[in-house]
Visitor: 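Please see the structure below; I have some questions.
Keep in mind it's a predicted model, so treat the numbers as computed, not measured.
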Amino acid sequence: MRDFPPRRIVCLTDETVETLYLLGEQDRIVGVSGYAMRPPQVRREKPRVSAFISADLPNILALDPDLVLAFSDLQADIVADLVRAGVAVHVFNQRDVAGILAMIRTLGAMVGVAERAGQLAQGLAQRLAAIAATPRPAPRPKVYFEEWDDPLISGIGWVSELIEIAGGEDALPHLRVHKAARDRIVTPDAVREAMPDVILASWCGKKVVPDRIRKREGWSDIPAVRDDRIVEIKSPIILQPGPAALTDGLDAIVRALWAARA
């Protein structure tokens, strides 16, 4: 970076945008991903310069960023182009709850507000602990989280953890260690054998159609299908590994698991 703290930041994913707003450092943001939705005013306040796996390099360079924030190997090609153009880039790669909290602390330190970021992360951690300690009726509902429908892809690490924090049991817990979506592909038979009590679905920005899930061959005897407990959770609040997942995303899981039993 040319300056510390950086004065002109481009965020290629939503979670760093939301974190900077929560830290009161939004004035440093000069460009965002087209998927940035949190907080709502970002859509009118900041120019959009990228999708998720593609970006408008000339537009990014025209913003003269001190720092570009990216996420994961999925943005590696964008990052490589930026590095070749001489831009400073930091790539986060958080895939679990601990990683999300570390991202918040790291980003805060990078923009010179480490103490404020520590307080934000601590507050979120305390919130998670309080929800996890909430008494729930037994038994814990078994939950299948569907991240995509063709092929079927189960939930990533932080989603699995949030299901457990909400008082549920991940129906396919062995898959949460896999970072890549291709390694979390499951067969319809595997889901049927797991017999989940609740199906949560978030199809990466595509609208979930519960009727398609109900009509899958052999799924009529799955408790979640039989009892009509198929719930969509909107992608922006659960598939972004940042504050949204730990707040609105977790709250949505809690409602899906327990509202009907309250």
Visitor: Counting neighbours of CG on Leu74 that are heavy atoms of other residues, nucleotides or ligands and sit closer than 6.0 Å, is the number greater than 12?
Guide: yes

Visitor: So, Thr16 side chain and Leu12 main chain: donor-acceptor pair closer than 3.5 Å or not?
Guide: no

Visitor: Mind listing the closest non-hydrogen atom pair of Ala117 and Leu23 along with its distance?
Guide: CA-CD2, 3.6 Å

Visitor: With a 3.5 Å distance limit and no angle check, can you tell me whether Asp96 reaches the backbone of Gly157 through a side-chain donor-acceptor pair?
Guide: no

Visitor: Any donor-acceptor pair under 3.5 Å linking the side-chain atoms of Thr13 with those of Ser33?
Guide: no

Visitor: Heavy-atom count check: over 12 atoms from other residues, nucleotides or ligands less than 6.0 Å from Tyr35 OH?
Guide: no

Visitor: With sequence neighbours left out, which residue pairs that include part of residues 62-111 fulfil the ring pair (Phe, Tyr, Trp, His ring centres under 6.0 Å) condition?
Guide: His90-Phe92

Visitor: Minimum heavy-atom separation for Ala121 and Leu101, please, with both atom names.
Guide: O-CD2, 3.7 Å

Visitor: Which pair of heavy atoms, one from Leu257 and one from Ile163, lies closest together, and at what distance?
Guide: CD1-O, 4.3 Å

Visitor: Show the atom names and distances, to 0.1 Å, of all donor-acceptor pairs under 3.5 Å that link a side chain in residues 189-197 to residues at least two apart or in another chain.
Guide:
| unit_1 | atom_1 | unit_2 | atom_2 | d |
| --- | --- | --- | --- | --- |
| Asp189 | OD1 | Arg192 | NH2 | 3.0 |
| Asp197 | OD2 | Lys142 | N | 2.8 |

Visitor: Passes side chain to side chain contact (heavy atoms under 4.5 Å, CB included), Arg95 versus Ile156? Steps please.
Guide: CA-CA 7 Å; Arg95 308 296 180 109; Ile156 198 167; 4.1 Å; yes

Visitor: Begin with the C-alpha distance, continue with both residues' side-chain angles, and end with the deciding distance and a verdict on side chain to side chain contact (heavy atoms under 4.5 Å, CB included) for Leu162 and Phe145.
Guide: CA-CA 11 Å; Leu162 292 176; Phe145 186 96; over 6 Å; no

Visitor: Holding to side chain to side chain contact (heavy atoms under 4.5 Å, CB included), I want the full list of residues that pass it with Val30, two or more places apart in sequence or in another chain.
Guide: Arg8, Val10, Leu63

Visitor: Could you tell me whether a side-chain N or O of Asp3 sits under 3.5 Å from a main-chain N or O of Pro6, the two making a donor and an acceptor?
Guide: no

Visitor: Before giving the answer on salt bridge (charged side-chain N to carboxylate O under 4.0 Å, His left out), spell out for Glu164 and Arg176 the whole-Å C-alpha distance, their side-chain angles and the decisive distance to 0.1 Å.
Guide: CA-CA 12 Å; Glu164 293 179 353; Arg176 76 181 183 188; 3.1 Å; yes

Visitor: How close do Trp219 and Pro188 get, counting heavy atoms only, and between which atoms?
Guide: NE1-O, 3.2 Å

Visitor: If we check salt bridge (Lys or Arg N to Asp or Glu O under 4.0 Å) with Asp248, which of these qualifies: Arg255, Arg38, Arg127?
Guide: Arg38

Visitor: To the nearest 0.5 Å, tell me how far Asp150 CG sits from Ile185 CD1.
Guide: 10.0 Å

Visitor: Just verifying a value: how many Å separate Leu152 CG and Ser154 OG, rounded to the nearest 0.5 Å?
Guide: 9.5 Å

Visitor: Do Glu147 and Arg184 pass the salt bridge (charged side-chain N to carboxylate O under 4.0 Å, His left out) test, and can you show the C-alpha distance, the side-chain angles, and the key distance before you say yes or no?
Guide: CA-CA 9 Å; Glu147 189 176 300; Arg184 288 180 278 111; 3.1 Å; yes

Visitor: Start with the C-alpha gap between Glu169 and Val143, add the side-chain angles, then the distance that decides, and say whether side chain to side chain contact (heavy atoms under 4.5 Å, CB included) holds.
Guide: CA-CA 6 Å; Glu169 175 186 345; Val143 182; over 6 Å; no

Visitor: Can you give me the closest heavy-atom contact between Ala252 and Ile237, atom names plus distance?
Guide: CB-CD1, 4.1 Å

Visitor: Counting distance only, does the side-chain N/O of Arg84 pair as donor-acceptor with the main-chain N or O of Val79 below 3.5 Å?
Guide: no

Visitor: How many angstroms lie between CD in Glu15 and CG in Leu239, if you round to the nearest 0.5 Å?
Guide: 11.0 Å

Visitor: Go through the steps for Val111 and Arg28 under the test side chain to side chain contact (heavy atoms under 4.5 Å, CB included), then give the verdict.
Guide: CA-CA 9 Å; Val111 299; Arg28 300 182 188 276; 4.1 Å; yes

Visitor: Decide whether Asp170 and Ser160 meet the rule of one side-chain donor and one side-chain acceptor closer than 3.5 Å.
Guide: yes

Visitor: Against Asp149, only a single residue in Arg216, Lys207, Lys206, Lys215 fulfils salt bridge (Lys or Arg N to Asp or Glu O under 4.0 Å); can you say which?
Guide: Lys206

Visitor: Tell me if a side-chain donor or acceptor on Arg229 pairs with a main-chain N or O of Val198 at a distance below 3.5 Å.
Guide: no

Visitor: How long is the straight-line distance from OG of Ser202 back to CD of Glu232, given to the nearest 0.5 Å?
Guide: 6.5 Å

